[in-house]
S.K.: 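Take a look at this one; I'll ask things after.
What's counted below: heavy atoms across the whole structure, side chains too, no hydrogens, waters or symmetry copies. Each ligand, and each atom within it, is numbered from 1 in the order the structure gives. Keep in mind the model is a prediction, meaning the values are calculated, not measured.
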Amino acid sequence: MAAKVHITTFGCQMNKLDSELVAGELLGDGFELAGLADAADVVVFNTCSVRQHAENRVLTCLGRLAKQKAQRPGLVAALVGCMAQRQGAELLLQFPALDIVCGPGELHRLSGLIKKVRAGASQQLAVTERLRARREVPAGLEELDVSRRTAKGSCKAQAYVRVMRGCDKFCSYCVVPSVRGREISRPLEHVVDEVRRLVEAGCIEITLLGQTVNSYCYSGDSREVSFAELLRKVGAIAALERLRFVTSYPIGFSEDIFRAMAEVPAVCNYLHLPAQSGSGRILAAMNRPYTVRQYLALIEQGRAIVPDLSLAGDFIVGFPGESEQDFEETVRLVRAVGYKNCFIFKYSPRPGTAAAKRLKDDVPAEVKRRRNNELLAVQEEISRELHRAFIGQTVEVLVEGPSKSARKGRADRRHQLTGRTRGDHIVVFDASGKADELTGKLVHVKIVDTSALTLFGELVAPA
Ligand code: SAH
Ligand code: SF4
Ligand code: F3S
């Protein structure tokens, strides 16, 4: 009987994609996928190191592992992803119940390592040595993306496609450059090919992924391909309805990219452009090399070129040295931009980063918490206001599935579906018994009510 594998994924979209590719590879290698971890012969944790909280969630799972292995002899446990690269052999020492530790740059080896352990081998370590010195991607790793399973009918309506790996920006607080390596752009033809195959298999929305996706720059035969050109090439693929990209970096976001967003019909009017802080002093300490004024000028340029540009942001509160005044400047920036939504994080010192080495984590936990809540409240007020303007409008929605957040006063959640507009607004609507048939489709919904997080509407007709 084929061994069953269960993968638990933590962290960003990059990790979600990695898990999907690994799952595909394992299926091709004769494994089966288990819906529940309890039913699995192999459990894989694909981990994130970006904040201590993310690591703590994984550590809780690892804490339970010894007991689970005692109850189920033969169970194989693998920890993969960013935590694996960051802590490597230490994890194997600290958690004897772990069989495999495998970094994100070695995932093409995972299937082989699992087989080895199942055949009786002891603990296996696969992390990338001298990661930052690597200027090329191992062929096997690129092959994971290139050989992704796109059998007809096997694909969902939405898919992530990687355009680059790594990050060279070295924000002082961030662990990503040290666990994901240098920025390396994938060949244009690999990306275009992958999207084409996904679209042929039924995908209608593609999200291009990179830690700083607009830094995409591929040196092909004698010339460089920019991100704007990539958007135009991918956007030209027939039957691709929606093209998105995350995450953008405020430096190197050229006017060409905004033009491509405005001119290529498939490209969505959505931009996730983290600012991280509204204080120039803190931005400098974060090693984010732009001023608040430059950031606002970029947003203004985008709004002038891309109709109805919808913006999302990331902010860190409680960065070392952040005063009340610095925080007020962040609040001012959030108000000035008018984001659709913001992801707000409390600063978490990461071992090995410049900030953790040089700056004291001097903002007390309760101050971080208060600033976090205050900023959330400000954003909520803005989102509420922006959402209200949708009442009476009909929007195009790509249906994702059953909704978890029902509209107030509607007890029956079973018939509610959720999806997103082109601007990434979340929409919930009554599907009146058509839930299965509409999932993965584009529909038109008339907005009748709104909250800070959601637009609520009524189905008009399939688009
Ligand atoms: N490459 C992306 C996302 C990186 S991680 C980008 O640069 O936008 C996602 C978010 O986590 C970051 O935007 C940042 O807001 C937050 N983050 C990263 N490191 C952090 C840390 N040490 N503490 C708190 N938040 C952090
Ligand atoms: Fe981290 Fe900065 Fe790179 Fe984003 S741009 S991954 S925050 S170093
Ligand atoms: Fe986390 Fe790694 Fe993504 S640290 S945010 S999973 S790149």
S.K.: Distance under 4.0 Å to a non-hydrogen atom of Q211: what atoms of ligand 3 satisfy this?
M.R.: 7 (S)
S.K.: Do me a favour and list the nearest non-hydrogen protein atom to atom 22 (N) of ligand 1 with residue, atom name and distance?
M.R.: S348 O, 2.8 Å
S.K.: Where is the nearest protein heavy atom to atom 15 (O) of ligand 1: which residue, which atom, and how far?
M.R.: Q276 OE1, 2.7 Å
S.K.: Can you sort out which atoms of ligand 1 are near R350, meaning under 4.0 Å from one of its heavy atoms?
M.R.: 22 (N)
S.K.: Please list, in number order, the atoms of ligand 1 under 4.0 Å from a heavy atom of P274.
M.R.: 8 (O)
S.K.: Under a 3.5 Å cutoff, is there a donor and acceptor pairing between the side chains of S19 and N46?
M.R.: yes
S.K.: Got the closest protein heavy atom to atom 7 (S) of ligand 2, with its distance?
M.R.: Y173 OH, 3.4 Å
S.K.: Could you tell me whether K368 sits above the aromatic face of Y347, with NZ or CZ closer than 6.0 angstrom to the six-membered ring centre and within 45 degrees of the axis?
M.R.: no
S.K.: Please report which non-hydrogen protein atom sits nearest to atom 1 (Fe) of ligand 3, along with the residue it belongs to and the distance in Å to one decimal place.
M.R.: C48 SG, 2.3 Å
S.K.: Which protein non-hydrogen atom lies closest to atom 9 (C) of ligand 1, naming both residue and atom, and how far is it?
M.R.: D314 OD2, 3.9 Å
S.K.: Work out whether the distance between some heavy atom of T212 and some atom of ligand 1 is less than 4.0 Å.
M.R.: no
S.K.: What do you reckon, does V176 put a non-hydrogen atom under 4.0 Å from ligand 1?
M.R.: no
S.K.: In terms of heavy-atom contacts, does CD of E300 have more than 12 from other residues, nucleotides or ligands at under 6.0 Å?
M.R.: no
S.K.: Could you tabulate the donor-acceptor pairs under 3.5 Å formed by side-chain atoms of residues 271-279, not counting sequence neighbours?
M.R.:
{"unit_1": "H272", "atom_1": "NE2", "unit_2": "D314", "atom_2": "OD1", "d": "2.7"}
{"unit_1": "Q276", "atom_1": "NE2", "unit_2": "Y173", "atom_2": "OH", "d": "3.3"}
{"unit_1": "S277", "atom_1": "OG", "unit_2": "S279", "atom_2": "N", "d": "3.0"}
{"unit_1": "S279", "atom_1": "OG", "unit_2": "R281", "atom_2": "N", "d": "3.3"}
{"unit_1": "S279", "atom_1": "OG", "unit_2": "I282", "atom_2": "N", "d": "3.1"}
{"unit_1": "S279", "atom_1": "OG", "unit_2": "D326", "atom_2": "OD1", "d": "2.8"}

S.K.: Assign the ring pair F258 / F253 to parallel, tilted or perpendicular, where the plane angle (0 to 90°) is split at 30° and 60°.
M.R.: tilted
S.K.: Consider only side-chain N and O atoms of T47 and E55, and report whether a donor and an acceptor are under 3.5 Å apart.
M.R.: no
S.K.: In terms of heavy-atom contacts, does CD of E136 have more than 12 from other residues, nucleotides or ligands at under 6.0 Å?
M.R.: no
S.K.: Assess the side chains of H108 and E143: does a donor N or O sit below 3.5 Å from an acceptor N or O?
M.R.: no
S.K.: Counting from 1, what ligand 3 atoms have a heavy atom of N15 closer than 4.0 Å?
M.R.: 6 (S)
S.K.: Any idea how Y339 and Y295 line up, ring-wise: parallel (<30°), tilted (30 to 60°), or perpendicular (>60°)?
M.R.: tilted
S.K.: Between C82 and ligand 3, find which residue part has any heavy-atom pair under 4.0 Å and reply side chain, backbone, both or neither.
M.R.: side chain
S.K.: Ignoring water, what protein N, O or S atoms are under 2.8 Å from atom 3 (Fe) of ligand 2?
M.R.: C167 SG
S.K.: Decide whether the shortest distance between a heavy atom of R180 and an atom of ligand 3 is less than 4.0 Å.
M.R.: yes
S.K.: Which residue and atom name correspond to the protein heavy atom nearest atom 24 (C) of ligand 1, and how close is it?
M.R.: K346 O, 3.3 Å
S.K.: Please could you name the atoms of ligand 2 that R288 approaches to less than 4.0 Å, counting only its heavy atoms?
M.R.: 2 (Fe), 5 (S)
S.K.: Compute whether any side-chain donor of one residue and acceptor of the other, for Q158 and T207, lie under 3.5 angstrom apart.
M.R.: no
S.K.: Counting from 1, what ligand 3 atoms have a heavy atom of S49 closer than 4.0 Å?
M.R.: 1 (Fe), 4 (S)
S.K.: Specify whether F10 and F45 have parallel, tilted or perpendicular ring planes, treating 30° as the upper limit for parallel and 60° as the lower limit for perpendicular.
M.R.: tilted
S.K.: Is the closest side-chain donor-acceptor distance between R197 and T150 under 3.5 Å?
M.R.: yes
S.K.: Please determine if R244 forms a cation-pi arrangement with Y270, meaning its NZ or CZ atom is less than 6.0 Å from the six-membered ring centre and no more than 45° off the ring axis.
M.R.: yes
S.K.: Distance to 0.1 Å, residue and atom name: give those for the protein heavy atom nearest to atom 3 (Fe) of ligand 3.
M.R.: C12 SG, 2.3 Å
S.K.: Does atom NZ of K69 have more than 12 heavy-atom neighbours from other groups under 6.0 Å away?
M.R.: yes
S.K.: Nearest heavy atom to atom 3 (C) of ligand 1: which of Q211, Q52, H53 does it belong to?
M.R.: Q211
S.K.: Please state which protein non-hydrogen atom is closest to atom 19 (N) of ligand 1 and give its distance, to 0.1 Å?
M.R.: Y173 CD1, 3.3 Å
S.K.: Considering heavy atoms of the protein only, find what lies nearest to atom 25 (N) of ligand 1 and give residue, atom and distance to 0.1 Å.
M.R.: R51 NH1, 3.3 Å
S.K.: I'd like to know whether NZ of K156 has more than 12 heavy-atom contacts from other residues, nucleotides or ligands below 6.0 angstrom.
M.R.: no
S.K.: Of all the non-hydrogen atoms in the protein, which one sits nearest to atom 5 (S) of ligand 1, and at what distance?
M.R.: V50 CG2, 3.8 Å
S.K.: Applying side chain to side chain contact (heavy atoms under 4.5 Å, CB included), run through T8 and V43 and close with a yes or a no.
M.R.: CA-CA 8 Å; T8 310; V43 286; over 6 Å; no
